[in-house]
Amino acid sequence: MSVRRDGTSTAYERYLRTDELLSLQRDTEGRVDPDEMIFIVVQQSSELWLKLIAYEMESAVSATRSDAVLSAVRHLRRVHSYLVNLMGQLDALDHIPPWSYQRIRTQLEDGSGFSSPGWSNTRRLARSLGEEFTAFMARRAVGLHEVYTRHTEFEDLYQLAESLVDVDSDCMLWRTRHLKVVERMVGVDAVGVAGTPIHVLAKLSTERLYPELWRIRSQLTSEASEYFATAPTPAP
Ligand code: HEM
């Protein structure tokens with residue numbers, strides 16, 4: 001631990017372990033490129049945010065399992081805001097010149113984003129959340145069609161479903177933004193460190209976690225033209 005001239009460290013440094021934290025980036029001598037610092041800081045801080053996202057997601061899964069809808073929605077609201085934040089971090093990577101990135105990527109050896117512990121935990125928990133949501137709907141003996149056509153009557157279920165849609169959209173948006181970083185850095189036709197052609201990342205960015213929550217919208221749209229043509233309704 002770095003110490004002040006009088007031999008002490010501050011409570012702030014001790015509690016947050018800033019010494020350890022700030023020594024986790026390569027120092028000037030170890031860097032292969034001056035902009036490697038941007039890459040490492042964004043990558044490491046993304047893992048920290050993903051840790052927090054997975055932590056909140058875990059709480060949302062167990063809240064849904066115990067029918068605590070409001071609590072699940074609260075945790076998912078946090079997940080949403082952290083995912084937006086995670087996406088914003090990617091902006092800094094646009095400052096790395098492509099040739100510098102080529103130098104930096106040699107340090108990754110055969111490592112790739114597919115090994116990101118934070119992203120795989122988040123995806124795993126998002127899938128569990130979907131399963132818990134389906135089980136919860138079954139316990140309440142209600143279908144998505146009822147929830148989405150009578151949303152004021154099923155306010156809690158509707159809010160929970162929409163929180164899942166937020167998370168699903170956020171994950172697609174993160175992947176899309178990440179794809180733009182990748183294209184800008186290595187090109188559209190390139191192949192990643194793990195041998196992934198970039199167009200595969202484009203395909204992944206359209207993958208939906210909760211397809212039924214998107215299908216219900218299409219279903220409502222196709223029903224609506226007939227329904228509203230024959231039954232003009234007052235606003236709820
Ligand atoms: C200069 C910046 C970056 C470049 C050029 C880049 C490049 C790539 C490439 C080419 C892949 C496909 C796998 C491969 O074959 O290598 C990939 C996947 C991935 N990267 Fe990045 N990446 C960057 C930054 C980040 C950051 C900051 C994160 C945050 C954790 C991240 C997380 C991931 C994840 C999770 C995947 C798996 C793909 C998915 O499931 O959609 N990457 N990246």
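In listed order, ligands and their atoms are each counted from 1. This structure is a prediction, so every number in the text was calculated from the model and none was measured.
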Atoms in ligand 1 flagged as close to Y101, the criterion being non-hydrogen separation under 4.0 Å = 1 (C), 4 (C), 5 (C)

Any donor-acceptor N/O pair, T18 side chain to R14 backbone, under 3.5 Å = no

At a 4.0 Å threshold, what atoms of ligand 1 neighbour a non-hydrogen atom of L201?
-> 9 (C), 11 (C), 12 (C), 38 (C)

The single option from R26, R31, Q25 that satisfies side chain to side chain donor-acceptor pair (under 3.5 Å) with E36 is R26

Just checking, any donor-acceptor pair under 3.5 angstrom between side chains of Q159 and E155?
-> yes

Consider every N or O of V186 and every N or O of ligand 1, then say whether any pair is closer than 3.5 Å.
-> no

Using a 4.0 Å heavy-atom cut-off, say whether T196 meets ligand 1 through its side chain, its backbone, both or neither.
-> both

Closer than 4.0 angstrom: is that true for some heavy atom of L93 and an atom of ligand 1?
-> yes

Report, in ascending order of atom number, the atoms of ligand 1 lying under 4.0 Å from any heavy atom of G195.
-> 15 (O)

Under the 3.5 angstrom rule, does the side chain of E47 hit a backbone N or O of G118 as a donor-acceptor pair?
-> yes

Aromatic plane relationship, Y148 with Y158 - under 30° parallel, 30 to 60° tilted, over 60° perpendicular = perpendicular

Atoms of the protein (N/O/S only) found under 2.8 Å from atom 21 (Fe) of ligand 1 = H178 NE2

May I ask you to identify the nearest protein heavy atom to atom 25 (C) of ligand 1, giving residue, atom name and distance to one decimal place in Å?
-> Q43 NE2, 3.4 Å

So, S128 versus E131: side-chain donor-acceptor pair below 3.5 Å or not?
-> no

If you measure only the distance, is there a donor-acceptor pair under 3.5 Å linking the side chains of D33 and W99?
-> no

In terms of atom number and element, which parts of ligand 1 are under 4.0 angstrom from non-hydrogen atoms of L204?
-> 39 (C), 41 (O)

At a non-hydrogen distance cut-off of under 4.0 Å, which region of W174 contacts ligand 1 (side chain, backbone, both, or neither)?
-> side chain

Does any donor atom in the side chain of H145 or E223 lie under 3.5 Å from an acceptor atom in the other side chain?
-> yes

Pair R140 + E153, salt bridge at N-O below 4.0 Å = no

Contact check: S46 vs ligand 1, nitrogen or oxygen atoms, below 3.5 angstrom = no

Going by the atom numbers of ligand 1, which of them fall below 4.0 Å from some non-hydrogen atom of L90?
-> 27 (C)

Is L50 in polar range of ligand 1, meaning some N or O pair under 3.5 Å apart?
-> no

Expected list for residues 169-179: side-chain donor-acceptor pairs under 3.5 angstrom, two or more places apart:
residue : atom : partner : partner atom : Å
S169    : OG   : V165    : O            : 3.1
D170    : OD1  : H80     : ND1          : 3.3
D170    : OD2  : H80     : ND1          : 2.6
R175    : NH1  : L204    : O            : 3.3
T176    : OG1  : M172    : O            : 2.7
R177    : NE   : D91     : OD1          : 3.4
R177    : NH2  : D91     : OD1          : 3.2
R177    : NH2  : D94     : OD2          : 2.6

Validation: residues 82-89 side-chain donor-acceptor distances under 3.5 Å, sequence neighbours left out:
residue : atom : partner : partner atom : Å
Q89     : OE1  : S45     : OG           : 2.8

Not counting sequence neighbours, which residues clear side chain to side chain contact (heavy atoms under 4.5 Å, CB included) with N121? List them please.
-> A54, R124

May I ask you to identify the nearest protein heavy atom to atom 14 (C) of ligand 1, giving residue, atom name and distance to one decimal place in Å?
-> A194 N, 3.3 Å

Please state which protein non-hydrogen atom is closest to atom 16 (O) of ligand 1 and give its distance, to 0.1 Å?
-> V193 N, 2.9 Å

In terms of residue, atom name and distance, what is the protein heavy atom nearest to atom 40 (O) of ligand 1?
-> R175 NH2, 2.8 Å

For atom 38 (C) of ligand 1, what is the nearest protein heavy atom, given as residue, atom name and distance?
-> F114 CE2, 3.6 Å

